[in-house]
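This report concerns only the one structure given below.
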Protein chains: 2
Amino acid sequence: MAWNLQSDRPIYTQILEQIQTRIISGCYKPGEKLPSVRELAAEANVNPNTMQKAFAELERSGLISTQRTSGRTVTEDTSMIEQLKNQMAVSQIQSFIDAMQQLGYSKEEIYNLVTKTLRGGNE
Amino acid sequence: MAWNLQSDRPIYTQILEQIQTRIISGCYKPGEKLPSVRELAAEANVNPNTMQKAFAELERSGLISTQRTSGRTVTEDTSMIEQLKNQMAVSQIQSFIDAMQQLGYSKEEIYNLVTKTLRGGNE
DNA sequence: ATTATTGTATTAAGTAGATAGTACAGTAAT
DNA sequence: ATTACTGTACTATCTACTTAATACAATAAT
């Protein structure tokens, strides 16, 4: 999975979210060692300080932990990961429906549009 | 409808979007005169310059127009408004589904979660 | 004519985010 | 011991966003 960074929001926030997503989707597995700050920064075409800032946040939440000089690892607490997954899903759904309703779509219309889109797409 | 402004994105961008939403949802009607920059700025608890910046963007898109000294009005081009509504809806749906799939949810799971949420909510 | 209100422009200041460059301390591998 | 890699810290600089405080020209209302 590639890094997808826009300029309309802080980069470190987007990196934070995308690392979370990678952990949740199993791209980075529980207990697995993460690439180094410098490596990931190069990969994302970002300053190491920016990547570092994202990691600092991730650690406050407990999702990853640091072994001072040998790198970082994803938490082995799978229930924590599962919980975060649910949280993010609920939040996605809620803000999606809110936005659609504010545009003036009824529940039924939202339902129909989602159904139609899900049918149409690939895979 | 109240202003909902977060600090994680530029204020003027959020104002821009929310004015678009108000026009699309009919809160500000086609041809209607808009409140002044200063008035809206006070209402949103924001500097007039920030509100002005949002309006400048809205004008580039043609959604509103300016009568130099008597204020601004919403476009009367209802098909333009309708088109913007569709655009924003499609974009909402797409990025919602993308985000869910990246979290690891299948189309069927997305469908079920959306259905369940739509059933549960109010109104 | 005067007054108030409109959009608009300008300058200055403060803040947050991002980059660049450098440095240090701890550990693993050799 | 040396080397290479790790996270971490620090300073300086640049840009974008936001606020503040004015100011001006055009029009609507009086």
Side-chain angles (χ1 to χ4, degrees), chain A residues 2-20 22-23 28-76, chain B residues 2-20 22-23 28-76:
Chain A
W3 295 96
N4 176 23
L5 302 174
Q6 320 269 340
S7 64
D8 65 336
R9 288 190 307 145
I11 308 282
Y12 81 94
T13 305
Q14 300 179 57
I15 290 177
L16 173 64
E17 293 167 354
Q18 287 177 37
I19 294 177
Q20 280 185 334
R22 288 180 183 201
I23 292 174
Y28 297 145
K29 297 185 176 40
E32 182 177 329
K33 187 176 175 221
L34 291 168
S36 75
V37 171
R38 291 172 175 83
E39 191 174 339
L40 283 175
E43 186 184 307
N45 248 308
V46 149
N47 191 280
N49 296 337
T50 305
M51 189 58 73
Q52 167 79 15
K53 191 167 182 178
F55 272 121
E57 292 282 325
L58 281 167
E59 248 179 282
R60 285 200 314 112
S61 76
L63 203 58
I64 64 178
S65 60
T66 303
Q67 289 73 43
R68 188 71 172 69
T69 60
S70 73
R72 289 188 168 88
T73 54
V74 179
T75 181
E76 303 194 13
Chain B
W3 295 97
N4 177 22
L5 303 173
Q6 319 269 340
S7 64
D8 64 337
R9 289 189 308 145
I11 307 283
Y12 81 94
T13 306
Q14 300 179 56
I15 290 177
L16 173 64
E17 293 167 355
Q18 287 176 36
I19 293 177
Q20 280 186 335
R22 289 179 184 202
I23 292 174
Y28 296 145
K29 297 186 175 41
E32 182 178 330
K33 188 180 175 216
L34 291 168
S36 75
V37 171
R38 291 173 176 83
E39 191 175 339
L40 283 174
E43 185 183 308
N45 247 309
V46 148
N47 191 280
N49 297 337
T50 305
M51 188 60 72
Q52 168 78 15
K53 191 166 181 179
F55 272 121
E57 293 282 324
L58 280 167
E59 248 179 283
R60 286 200 313 111
S61 75
L63 202 58
I64 64 179
S65 60
T66 304
Q67 288 73 44
R68 189 71 171 68
T69 60
S70 73
R72 290 190 168 87
T73 53
V74 178
T75 181
E76 303 194 14

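Side chains included, hydrogens not; waters and symmetry mates left out as well; all remaining heavy atoms used.
Residue B:Thr50 places at least one side-chain N or O closer than 4.0 Å to OP1 or OP2 of D:dT19. Residue B:Arg72 places at least one side-chain N or O under 4.0 Å from the OP1 or OP2 atom of C:dG7. In this model, the phosphate group of C:dT6 is not approached by any side-chain N or O of B:Thr66 to a distance below 4.0 Å at OP1 or OP2. OP1 or OP2 of C:dT6 has at least one side-chain nitrogen or oxygen of B:Ser36 nearer than 4.0 Å.
Distance A:Ile64 CD1 to D:dT8 C1': 14 Å, rounded to the nearest Å. Residue A:Asp8 contributes atom CG, which lies 14 Å from atom P of C:dG17 at whole-angstrom precision. Atom CG of A:Leu58 is separated from atom C1' of D:dT8 by 16 Å (rounded to the nearest Å). Per the geometry, OH belonging to B:Tyr12 stands 4 Å off P belonging to D:dC17, to the nearest Å. In this structure, NZ of A:Lys53 is placed 11 Å from P of C:dT19, rounded to the nearest angstrom. The distance between atom CD1 of A:Ile15 and atom C1' of C:dG17, rounded to the nearest whole Å, is 12 Å. One interatomic measurement links the two molecules: NZ of A:Lys33 to C1' of D:dT6, which rounds to 8 Å at whole-angstrom precision. Here the C1' atom of nucleotide D:dC17 and the CZ atom of B:Arg9 are 14 Å apart, to the nearest Å.
If you check every strand for non-hydrogen atoms under 4.0 Å, A:Gln52 touches a base. B:Phe55 comes within contact range of no nucleotide atom at all, as no heavy-atom separation falls under 4.0 Å.
For the pair A:Asn49 and B:Pro35, nearest-nucleotide mapping onto DNA chain C gives the more 5' position to B:Pro35. Across the interface with DNA chain D, nearest-nucleotide mapping of B:Thr69 and B:Pro10 shows B:Pro10 to be the residue nearer the 5′ end.
Inspection of the A:Ser65 and A:Glu59 side chains reveals no N or O donor paired with an N or O acceptor under 3.5 Å. For the residue pair B:Trp3 / B:Gln18, no side-chain donor-acceptor distance below 3.5 Å is found, with atom types taken as modelled.
Residues B:Glu32 and B:Arg72 are not paired through a salt bridge, judged by the lack of any N-O separation under 4.0 Å between the basic side chain and the carboxylate. A salt bridge is absent between A:Arg38 and A:Glu43: the closest approach of a Lys/Arg side-chain nitrogen to an acidic carboxylate oxygen does not fall below 4.0 angstrom.
Of the candidates A:Thr50, A:Ile64, A:Leu16, A:Phe55 forms a side-chain contact (heavy atoms from CB on, under 4.5 Å) with just one, namely A:Ile64.
Applying the 3.5 Å distance criterion, the base of D:dG7 shares a donor-acceptor pair with the side chain of A:Arg38.
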